[in-house]
Amino acid sequence: MTNRLSYFNAAPQAMEILLQQESYFHQQFRESSTMSMTIWELVKLRVSQINQCAYCIDMHSKDALKLGEKPERIYGLSAWRDMPLYTAQEKVALAFAEQLTACQPVSDELYHQVLDTFGDLAMVDLTVAINAINSWNRMVKAFKPKVGIYQPK
């Protein structure tokens, strides 16, 4: 495999935009009564599965475990619709994440489920968070950092 450039070293100001988003989400989701760090990690992991981003799957599995996530919920995430392991709130977030990641129009029904479940601010935050993990997945797929080296902080 060809060694690829470090996107952080090549364009630190561009990467700072993505890092600032992450910082915002950490603050918002720690303080939110509707959106949690757990939901955020599940969404990041599910989007990374859809995008087949090995580095991000490794990262977000480790981060979710560090947050106290149960391993069976991580293992079952690719079949979340058929497993009784996820809350109604998590299922709405995952359905929304899958729809946006597929770049498909969001039905009125799903739109209202998300809005009713999370409220105005958290719905916008969730939308931007889904966009952010898709951005990270695309960066990683282009530049291919070594999978398995990530360690949670």
Side chains of [X] and [Y] in contact at under 4.5 Å (non-hydrogen atoms):
X	Y	result
Met59	Trp136	no
Leu121	Gln28	yes
Phe118	Val92	yes
Leu126	Met35	yes
Asp63	Glu69	no
Gln113	Val106	no
Val128	Phe25	yes
Gln52	Lys141	yes

When clusters are formed by joining ILVMFWY residues with side-chain heavy atoms under 4.5 Å apart, either directly or through shared neighbours, do [X] and [Y] land in the same one?
X	Y	answer
Leu67	Tyr75	no
Phe143	Ile17	no
Ile50	Val114	no

Query raised in the report: Any chance the side chains of Glu98 and Trp80 put a donor and an acceptor closer than 3.5 Å?
Result: yes

Requested in this report: Determine whether the side chains of Tyr55 and Asn137 contain a donor N or O and an acceptor N or O closer than 3.5 Å.
Outcome: no

Query raised in the report: Are Phe29 and Ile39 close enough, and set up right, to give a side chain to side chain contact (heavy atoms under 4.5 Å, CB included), and what steps lead you there?
Result: CA-CA 9 Å; Phe29 299 154; Ile39 291 173; over 6 Å; no

Shortest non-hydrogen separation from [X] to [Y] and the atoms involved:
X	Y	result
Glu22	Ala132	OE2-CB, 4.2 Å
Cys53	Val140	SG-CG1, 3.6 Å
Leu18	Ser135	CD2-CB, 3.9 Å
Ser78	Arg46	CA-NH1, 3.8 Å
Gln99	Pro105	NE2-O, 2.9 Å
Ile149	Lys146	CG1-O, 3.3 Å

Would the distance check show the side chain of [X] and the main-chain N or O of [Y] forming a donor-acceptor pair, the cut-off being under 3.5 Å?
X	Y	answer
Glu90	Thr87	yes
Arg30	Met37	no
Arg138	Asn134	yes
Lys144	Arg4	no
Tyr7	Ala14	no
Lys44	Ser61	no

**Report entry** Heavy atoms from other residues, nucleotides or ligands near CG of Asp116 exceed 12 (cutoff 6.0 Å)
**Finding:** yes

**Report entry** Heavy-atom neighbours of Gln20 CD exceed 12 at 6.0 Å
**Finding:** yes

Can you tell me how far apart [atom1] ([X]) and [atom2] ([Y]) are? Round to the nearest 0.5 Å.
X	Y	atom1	atom2	answer
Ile133	Gln21	CD1	CD	10.5 Å
Leu85	Leu77	CG	CG	10.0 Å
Ile74	Leu65	CD1	CG	3.5 Å
Lys91	Leu42	NZ	CG	12.5 Å

Query raised in the report: Thr38 and Arg73: side chain to side chain contact (heavy atoms under 4.5 Å, CB included), yes or no, with the steps?
Result: CA-CA 11 Å; Thr38 299; Arg73 284 173 34 99; 3.7 Å; yes

Report task. Just do the side chain to side chain contact (heavy atoms under 4.5 Å, CB included) check on Leu19 and Phe8 with the steps written out, would you? Result -> CA-CA 10 Å; Leu19 292 172; Phe8 278 97; 3.7 Å; yes

Requested in this report: Would you check, one step at a time, whether the test side chain to side chain contact (heavy atoms under 4.5 Å, CB included) holds for Cys56 with Gln49?
Outcome: CA-CA 8 Å; Cys56 293; Gln49 289 174 338; over 6 Å; no

